[in-house]
Amino acid sequence: MPPSVTGPAVDSHAHVFLQGLALADTRRHTPDYDAPLAQYLGLLDAHGLSHGVLVQPSFLGTDNSHLVQALRAAPTRLRGVAVVDPAIDDAGLQALAAAGVVGIRLNLIGLALPDPRTPAWQSLLARVNALGWHVEVHVQAARLADIMPALLQAGCRVVVDHFGRPDPALGVADPGFGYLLRQAASSQVWVKLSAPYRNWTGAACASAGREAARQLLDAYTPARLMWGSDWPHTEHRHLASYPAATQWLDDWIDDPTQRRAVLAETPLRLFQFQGEFQ
């Protein structure tokens, strides 16, 4: 079911990969299937979506070569979020930028948190800021307060994945989710309404997701919220589908003007899709 919006619309979170790519030594998941670019573009077409944002999968580590290849195949339609080592040189960052990368991701699920105050991280964040990129954070809500202050102090624009990953047992009562709501006052934070199945199960993907979306809308306004499919729903393919992901947005947000902002106006600007929001 296409989202209830006309004109440009952005899926702000998806992954493409193939079996046989070099995998990171430290990983939580090893896929036994392909998620090819052609299939993803076909899903965008079938659901009325004009643009997509490809996020480097955690299991590919800092080898962004497949991501770059995909971005170059559809340069006006796609943008990317890479995973990089803090020691990456300027030429490496510039090459990613030329391919359409507009941010870096810190996927910290199951990992120790880095210290963004170290010289290596301060250097990287300064260069990320100079490129006009954002820093995407994927971590449990309970740990957001341990990583976000240093990123905000460094002047980063921060994008928080998947509703902020509240504890499934607590939902919006998770103190970490409350912390995320309070960060709206910084005007430096955006949140992705995506992958509810990583926080809730069954019908709660719609109902609990709706309550979380309502609170995020109140705190952040649609100007700093975005929707993402999380395709191909790694580790949760039995719980999700692309049609379900688009339907959840309609379940979460009733107002068509708000949906328009979440689907188009906000992500078109943040992810630097040139000319689409003029």
Side-chain angles (χ1 to χ4, degrees), residues 1-17 34-58 66-67 69-82 99-103 105 107 134 136 138 159-163 190-199 205-206 209 213 216 222-237 239-253 256 258-277:
M1 180 178 182
S4 302
V5 65
T6 58
V10 182
D11 176 357
S12 73
H13 196 103
H15 311 284
V16 295
F17 51 84
D34 293 337
L37 176 62
Q39 184 179 354
Y40 177 61
L41 294 176
L43 287 166
L44 292 182
D45 292 340
H47 293 85
L49 295 155
S50 56
H51 298 82
V53 179
L54 300 179
V55 178
Q56 171 77 343
S58 60
H66 189 71
L67 172 70
Q69 181 180 4
L71 296 176
R72 287 175 174 164
T76 62
R77 197 170 190 189
L78 300 175
R79 293 292 181 269
V81 179
V101 167
V102 293
R105 190 187 199 203
N107 189 335
H134 65 274
E136 181 174 313
H138 184 206
V159 174
V160 177
D161 275 349
H162 308 330
F163 289 89
W190 285 253
V191 182
K192 290 184 180 180
L193 307 180
S194 56
Y197 40 81
R198 300 187 187 276
N199 306 313
C205 287
L216 288 166
R224 281 186 283 131
L225 298 179
M226 299 166 293
W227 168 84
S229 69
D230 194 38
W231 186 81
H233 325 291
T234 53
E235 300 179 79
H236 295 81
R237 299 170 74 207
L239 299 174
S241 67
Y242 212 100
T246 62
Q247 181 59 53
W248 281 323
L249 181 62
D250 282 350
D251 292 340
W252 298 332
I253 302 177
Q258 292 183 328
R259 280 200 304 271
R260 172 74 190 172
V262 169
L263 268 173
E265 295 160 9
T266 299
L268 286 170
R269 287 185 171 88
L270 180 68
F271 297 112
Q272 304 177 35
F273 288 104
Q274 305 302 323
E276 296 290 352
F277 50 82

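Please read all numbers here as calculations on a predicted model, not as lab measurements.
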**Asked** Please walk me through it: do H134 and F271 pass ring pair (Phe, Tyr, Trp, His ring centres under 6.0 Å)?
**Response** CA-CA 9 Å; H134 65 274; F271 297 112; 5.4 Å; yes
Going by heavy atoms in the side chains, are [X] and [Y] under 4.5 Å from each other?
X	Y	value
V159	H13	no
F273	V53	yes
D230	H15	yes

**Asked** So how far is it from Q258 CD to L263 CG, rounded to the nearest 0.5 Å?
**Response**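 Interatomic distance, Q258 CD to L263 CG, rounded to 0.5 Å: 12.0 Å.
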**Message:** Using 0.5 Å steps for rounding, measure from the CG atom of L78 to the CG atom of L54.
**Reply:**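 If we round to the nearest 0.5 Å, L78:CG and L54:CG are 5.0 Å apart.
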With a 3.5 Å distance limit and no angle check, can you tell me whether [X] reaches the backbone of [Y] through a side-chain donor-acceptor pair?
X	Y	result
R259	I253	yes
W227	T246	no
R77	G52	no
T266	P222	yes

**Asked** Any luck finding a side-chain donor-acceptor pair between Y197 and H233 under 3.5 Å?
**Response**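 Checked: Y197/H233 side chains pair up, N/O donor to acceptor below 3.5 Å.
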Shortest non-hydrogen contact from [X] to [Y]?
X	Y	result
P8	R260	O-NH1, 3.3 Å
C205	W252	O-NE1, 2.9 Å
A223	W190	O-NE1, 3.6 Å
S12	M226	OG-CB, 3.8 Å
D11	S229	OD2-OG, 2.6 Å
L193	F163	CD2-CE2, 3.7 Å

**Item:** Residue pair R198, D161: steps toward the salt bridge (Lys or Arg N to Asp or Glu O under 4.0 Å) verdict
**Value:** CA-CA 11 Å; R198 300 187 187 276; D161 275 349; over 6 Å; no
**Item:** Residues H51, R79; criterion side-chain contact (heavy atoms from CB on, under 4.5 Å); working and verdict
**Value:** CA-CA 8 Å; H51 298 82; R79 293 292 181 269; over 6 Å; no
**Prompt:** Under the criterion side-chain contact (heavy atoms from CB on, under 4.5 Å), which of H47, Q247, Q39 is the partner of Y242?
**Reply:**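 One option only clears the test, and that one is H47.
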**Request:** Report the C-alpha distance between H162 and H138 in whole Å, list the side-chain angles of each, state the deciding distance to 0.1 Å, and finish with yes or no for side-chain contact (heavy atoms from CB on, under 4.5 Å).
**Result:** CA-CA 8 Å; H162 308 330; H138 184 206; 3.5 Å; yes
**Request:** Name the orientation class of the two ring planes belonging to Y40 and W231 (parallel below 30°, tilted from 30 to 60°, perpendicular beyond 60°).
**Result:**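 Y40 and W231: parallel rings.
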